[in-house]
Structures are given as structure tokens and as C-alpha cells.
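Mind having a look at this structure? Questions to follow.
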Amino acid sequence: AAEPWPENAALYQQLKEEQILLSDNASSLAVQAFLQMCNLPIRVICRANAEYMSPSGKVPFIHVGNQVVSELGPIVQFVKAKGHSLSDGLDEVQKAEMKAYMELVNNMLLTAELYLQWCDDVTVEEITHPRYGSPYPWPLNRILSYQKQWEVRRKMKAIGWAGKTLEQVLEDVDQCCHALSQRLGTQPYFFNKQPTELDALVFGHLFTILTTQLITDELSEKVKNYSNLTAFCRRIEQQYFEGHEKDSSTIAARSSKRSLLR
Amino acid sequence: MAAPMELSCWGGDWGLPSLHPESLTVMAYAKFSGAPLAVNTINNSWRAPKGDLPVLVSEDIVISQPAKILNFLRKQKYNADYDLSAKQGADTLAYIALLEEKLLPALLHTFWIEAENYCSVTKPWFASKIAFPLSLYLPGKMSREALNRILLTKGGPPLYSLTEVEAQIYRDAKECLNLLSKRLGTSQFFFGDTPTTLDAFVFGFLAPIYKVCFPRVQLQEHLKQLPNLCRFCDDILTSYFRLTVSGHAPAGQDTADANLQKLTQLVNKESNLIEKMDDNLRKSPQHPPRKLTTLKLAAGGEESSPISRLSP
């Protein structure tokens with residue numbers, strides 16, 4: 001028996017216009033897409049301190065009833081415990097494949113996004129530092145962004161990405177998109193007829209990459225090389241995000257983000 | 001392609017060509033694709049490892065990470081993935097990512113961070129393979145790097161202590177092993193009958209867990225409950241690595257098995273003989289005792305009458 005989903009369920013992320021970064025936006029959009037696919041209504045609330053409110057330090061997180069859950073993985077499990085699941089129709093081998101592809105996206109796409117926004121000096125100076133610390137007065141904004149940068153660079157070093165050049169990172173993104181494109185083929189979703197959390201995750205990342213203006217367009221060009229991936233993003237956007245008038249914050253933001261799909 | 005390629009990597013023990021998962025992956029791939037590779041195991045010489053092992057040296061080109069080494073081998077036309085479809089190639093990448101995210105932390109933990117394992121097995125083994133002053137420093141450095149990696153990637157909130165992180169990574173690793181087992185099913189390799197890159201990576205990660213004898217072995221015990229993965233490792237070891245490197249353990253087992261077989265045959269023969277003897281005994285002339293009993297009855301009857309006659 002499914003427990004009722006409360007009306008005032010909320011998803012928290014950073015401020016859309018000024019503060020949120022590429023990787024966080026991707027994660028947040030993935031969760032929103034997932035919840036839309038499950039037909040669970042949720043409000044998106046933007047707060048400057050969303051990262052600090054989150055139980056795991058990562059955005060987005062959802063506040064449902066009296067529980068707070070962050071990140072796509074735990075949210076999928078939480079929703080499943082409430083009785084809604086997108087991947088019930090898959091057999092064991094398909095579930096293994098789905099988990100493997102989700103790890104691929106996290107491993108390559110998310111890490112590449114983090115690399116680009118925190119380890120590439122040009123992007124850091126011009127986009128990341130101004131955006132990340134924008135809600136706070138000087139000198140707090142600089143201190144917080146340097147702290148975060150130091151943290152991310154440590155992590156990159158531990159997993160061996162610190163030695164990579166930007167070209168190598170872009171090549172990895174290309175390889176990942178190639179793999180996703182091959183897996184998707186001509187099907188509407190990754191597991192044929194029904195969308196799953198993998199579709200939500202891939203949509204979140206690819207759509208954000210395609211619609212975010214960075215210093216150069218190289219990252220989005222890599223994704224645009226694969227036409228079935230862009231068609232996939234457009235299809236999910238049309239099906240799950242348009243026509244939701246109450247979600248005015250996302251639509252307004254999207255139009256101001258110079259959507260390159262139109 | 002003409003000059004032989006040299007691979008420097010960590011050596012092996014307990015029936016494995018190498019203990020280091022990445023070295024093992026490269027070696028396995030070289031065997032699968034038929035690349036002629038001269039393998040140098042690091043062995044107590046001053047040619048200290050430049051940075052990370054394994055390192056491939058070919059005509060002055062030095063390549064150091066397994067993914068790059070495999071790419072290089074593919075460009076040299078040693079390609080084990082030749083028959084794979086595009087989708088299977090994509091699956092390969094995805095499963096490798098799964099292995100690195102879910103299984104590698106637990107593997108690193110078992111080797112380098114679990115105190116008993118590290119002190120009694122890993123550190124002495126690695127220290128014995130490196131020249132003297134470096135052997136005091138390098139295992140410690142590898143251990144610190146492993147701990148760092150695990151804490152930075154897995155150790156954020158809401159996990160606040162090392163034991164919670166450990167519990168989580170072992171849960172993830174066991175789930176990963178289950179997923180691999182389901183994917184492998186009953187086929188011999190992951191994509192049909194010929195081994196590919198994915199088989200090399202899975203073998204590289206699983207074989208150390210499977211074969212190395214540690215004091216604390218929760219991951220090994222879980223792996224042994226998945227017989228198709230164990231069979232996968234053993235198949236690759238026996239078919240592709242003829243166990244020239246201290247392979248005495250399986251050879252010893254073979255002779256032990258042969259001895260056991262001979263013993264059971266002897267015992268069977270003996271029991272057959274005994275059964276035959278029993279049969280013979282039953283069939284053999286034991287009638288005299290029976291005749292005696294009948295005679296006694298008759299004699300008893302006859303005897304009683306003479307006695308009765310004698311009494312008066």
C-alpha cells in the first residue's frame with residue numbers, strides 16, 4: 001500500500017539565477033525529472049544556504065512530511081519505500097545494467113562537470129567564484145569559494161583526475177556520451193517503453209550541459225554530436241516539464257538560460 | 001609493433017600472476033588479445049617504480065594508467081573487443097565504472113586499511129618486493145593514499161566515522177558482486193565465449209579478493225558464495241595464465257586430489273574384496289553346523305528314549 005505523498009513536498013536547491021552551478025543544477029534537474037516521471041508533485045524552493053541545510057552536504061534535497069532526503073540515490077530508495085518505483089518492471093540483468101550506467105554517468109559526467117567548474121582556471125575565475133559566493137558579502141564569498149575549490153581539488157587528486165588536461169576530460173565526456181548514445185539507440189527511453197531513474201539522471205546532466213552558457217561551447221558541442229541524445233532530452237522536456245504552469249520558477253529560469261534546444 | 005613491449009608491474013603470489021588489481025587487468029588483457037608483452041615484475045631492484053604501476057614501455061613511449069595502456073594496445077591492433085557490438089562496448093564502460101565506484105573502495109580497504117590484513121600480509125609482501133629504503137616508505141604511502149581516496153569519495157556526511165564508511169563500502173561491494181554474478185549468469189565470459197576488456201577488468205578486481213589469504217576475509221567469503229564468479233576466475237587462471245609464477249598451490253591441490261582419488265579407489269577395491277569374501281563365506285560349506293543341529297535334535301529324540309529306557 002502506498003503511503004500518500006503530501007501536498008507540500010519541497011525540493012531545495014541553490015538560487016537559480018545567480019548561484020547554482022553546473023553540477024548542482026544537473027543533479028537537481030535529475031531529481032525533478034525523476035519525481036515528475038513518478039507523478040509526484042513537488043515544489044522547487046531556492047535558498048542560498050541549501051547546501052548547508054542538506055543532510056549530506058549535497059544538493060538537491062527533498063523535504064517530504066517530516067523527512068529530509070538528499071541526492072538521487074537515497075531519494076529513489078525513499079520513493080520506493082513509499083510505494084512508487086520506476087524500475088519494477090526490469091529483470092535482474094537489466095537492473096544491474098541500469099545501476100552500471102548510473103555509475104558511469106556519475107563517474108564520468110558528474111566528475112567532468114566538477115572538474116570543469118573547479119579545476120579549469122578560466123572557468124573558475126569568471127564563472128564559478130562569482131556565482132558560488134554571490135549571496136554573501138565580501139570577504140565571505142571569496143573564502144567560501146576557495147574552501148569549496150580546495151575540497152573539490154583534493155577529491156580530484158585522490159581519484160586521479162587532477163593530472164588530466166581539459167582535452168582529456170572532454171574526451172572522457174565524449175566517450176561517455178558515445179556509450180550512452182549507443183545504449184539508447186533508437187529507443188525512446190533507455191529501457192524501451194518506460195522511463196527509469198537512469199533516464200532522469202541522464203536527462204538532468206545532458207540538458208544542463210546543453211543549456212548552460214560556459215566560457216566555451218566545447219562541452220555542449222560534445223553532447224550535440226549525438227543527435228539521439230539531444231532528441232531524448234527534448235522529448236523528456238516536452239513530456240514532463242512543459243505545461244506545468246505552477247512550476248514557474250523552472251520555466252522562467254530556462255528561458256533566461258538561453259535554451260539552445262529551441 | 002616490432003620491438004617487444006615491456007610491462008613493469010607488481011608480481012604475484014598465492015597462484016596469481018600479480019597482486020595488484022590494475023597490473024592484473026593489463027596482464028589479462030594482453031593475454032586475451034595476444035599482445036606479446038615482456039612482463040617485468042618489480043623485484044628488489046633499484047629500478048624503482050616511477051610513479052604508479054603498471055607501466056608500459058614501448059620504443060621510448062611510456063604509458064602509465066591501465067585505461068591508457070589498453071588504448072595503446074588497441075591502437076597497436078591487439079584488440080580483444082573486436083567482436084563486440086557498439087552496445088556491448090557501451091556496457092563495458094558502464095560496468096567498469098560500476099566496478100571502480102563500488103568494488104574498488106572495498107578492495108582497497110581489505111588490502112591497505114584493515115589493520116590485521118595490512119600488517120600481516122600486504123605490507124610485508126610489498127616491502128619484500130622493493131629495495132631497502134623505499135620499502136620502508138612506499139607501502140605506507142600506498143596505504144595513506146588508499147585511505148584518502150576512500151574518505152574523500154565515500155566519507156562525507158551523513159557517514160561520520162570510519163566504521164560507518166567501512167560498513168557502507170562493504171555493503172556496496174557485496175551488492176556489486178551480486179550484480180556481476182547476475183550479469184555473468186551461466187555463460188563463460190561476460191560477452192559470450194571470448195574474453196574482452198570487461199573480463200580483464202573484472203578478473204583484475206576479483207582475483208586478488210578470491211585468492212589472497214587474509215586474516216579478515218568477509219569479502220572473500222561473500223565471493224565464494226557466488227560460484228559462477230569463482231569459476232570465472234579459475235577458468236581464466238588455468239586457461240590464460242599457465243601459473244608459471246609460484247603456482248604451487250593449485251599444483252599441490254592437483255596432486256592431493258590425485259592421491260585422494262587413488263586412496264578412494266583402493267578403499268573401494270578393498271570393500272569390494274570384503275564383500276566378495278562375505279559372499280563366499282555365505283555360499284561356502286557351512287552346512288555341517290546346520291546338519292549338526294538337526295542331528296542333535298534327532299539325537300536328542302533318540303537319546304531321550306534310551307535314557308528313558310535306561311532309567312527303570
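Residue numbering restarts at 1 for every chain, and letters A, B, ... go by the order of the sequence lines. All values below come from the heavy atoms of this structure, side chains included, with hydrogens, waters and symmetry mates left out.
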Worksheet entry | Flag if over 12 foreign heavy atoms under 6.0 Å of NZ, Lys123(B) | no
Discussion item. Quick check for you: among Thr92(B), Asp91(B), Leu179(B), which has the greatest number of heavy-atom pairs under 4.5 Å with chain A?
Written reply: Asp91(B)
Item to complete: Please examine the side chains of Lys99(A) and Glu175(B), heavy atoms only from C-beta on, and report whether any two atoms are closer than 4.5 Å.
Response: yes
Worksheet item: Heavy atoms under 4.5 Å from chain B: which residues of residues 163-181 of chain A carry them?
Response: Gln168(A), Gln175(A), Ala179(A)
Worksheet item: Using a cut-off of under 4.5 Å for heavy-atom pairs, which of Lys102(B), Glu100(B), Glu101(B), Arg183(B) has the most such pairs with chain A?
Response: Glu101(B)
Response to the item:
Output for pair (Glu103(A) CD, Tyr95(B) OH), nearest 0.5 Å, gives 12.0 Å
Worksheet item: What distance do Glu145(B) atom CD and Lys157(A) atom NZ have between them, rounded to the nearest 0.5 Å?
Response: 9.0 Å
Fill in: Gap separating the NZ atom of Lys95(A) from the CG atom of Asn178(B), nearest 0.5 angstrom
13.0 Å
Hey, can you pull the donor-acceptor pairs under 3.5 Å for the side chains in residues 104-113 of chain B, sequence neighbours left out?
unit_1	atom_1	unit_2	atom_2	d
His109(B)	ND1	Tyr170(B)	OH	3.0
His109(B)	NE2	Glu166(B)	OE2	3.2
Thr110(B)	OG1	Ala106(B)	O	2.8
Thr110(B)	OG1	Tyr170(B)	OH	3.0

Worksheet item: Is atom CD of Gln77(A) surrounded by more than 12 heavy atoms (other residues, nucleotides or ligands) closer than 6.0 Å?
Response: no
Worksheet item: Nearest heavy-atom pair of Val93(A) and Lys182(B): which atoms, and what distance?
Response: CG2-O, 3.8 Å
Practice prompt. Under 4.5 Å heavy-atom distance to chain A, tell me which part of Gln88(B) shows up: side chain, backbone, both or neither.
Written response: neither
Worksheet item: Which atom pair, heavy atoms only, marks the closest approach of Leu104(A) to Leu93(B)?
Response: CD1-O, 3.7 Å
Practice prompt. Evaluate whether atom CG of Asp193(B) has more than 12 neighbouring non-hydrogen atoms of other residues, nucleotides or ligands under 6.0 angstrom away.
Written response: no
Worksheet item: Looking only at heavy atoms, which two atoms of Ala158(A) and Leu152(B) are closest? And how far apart?
Response: CB-CD1, 3.8 Å
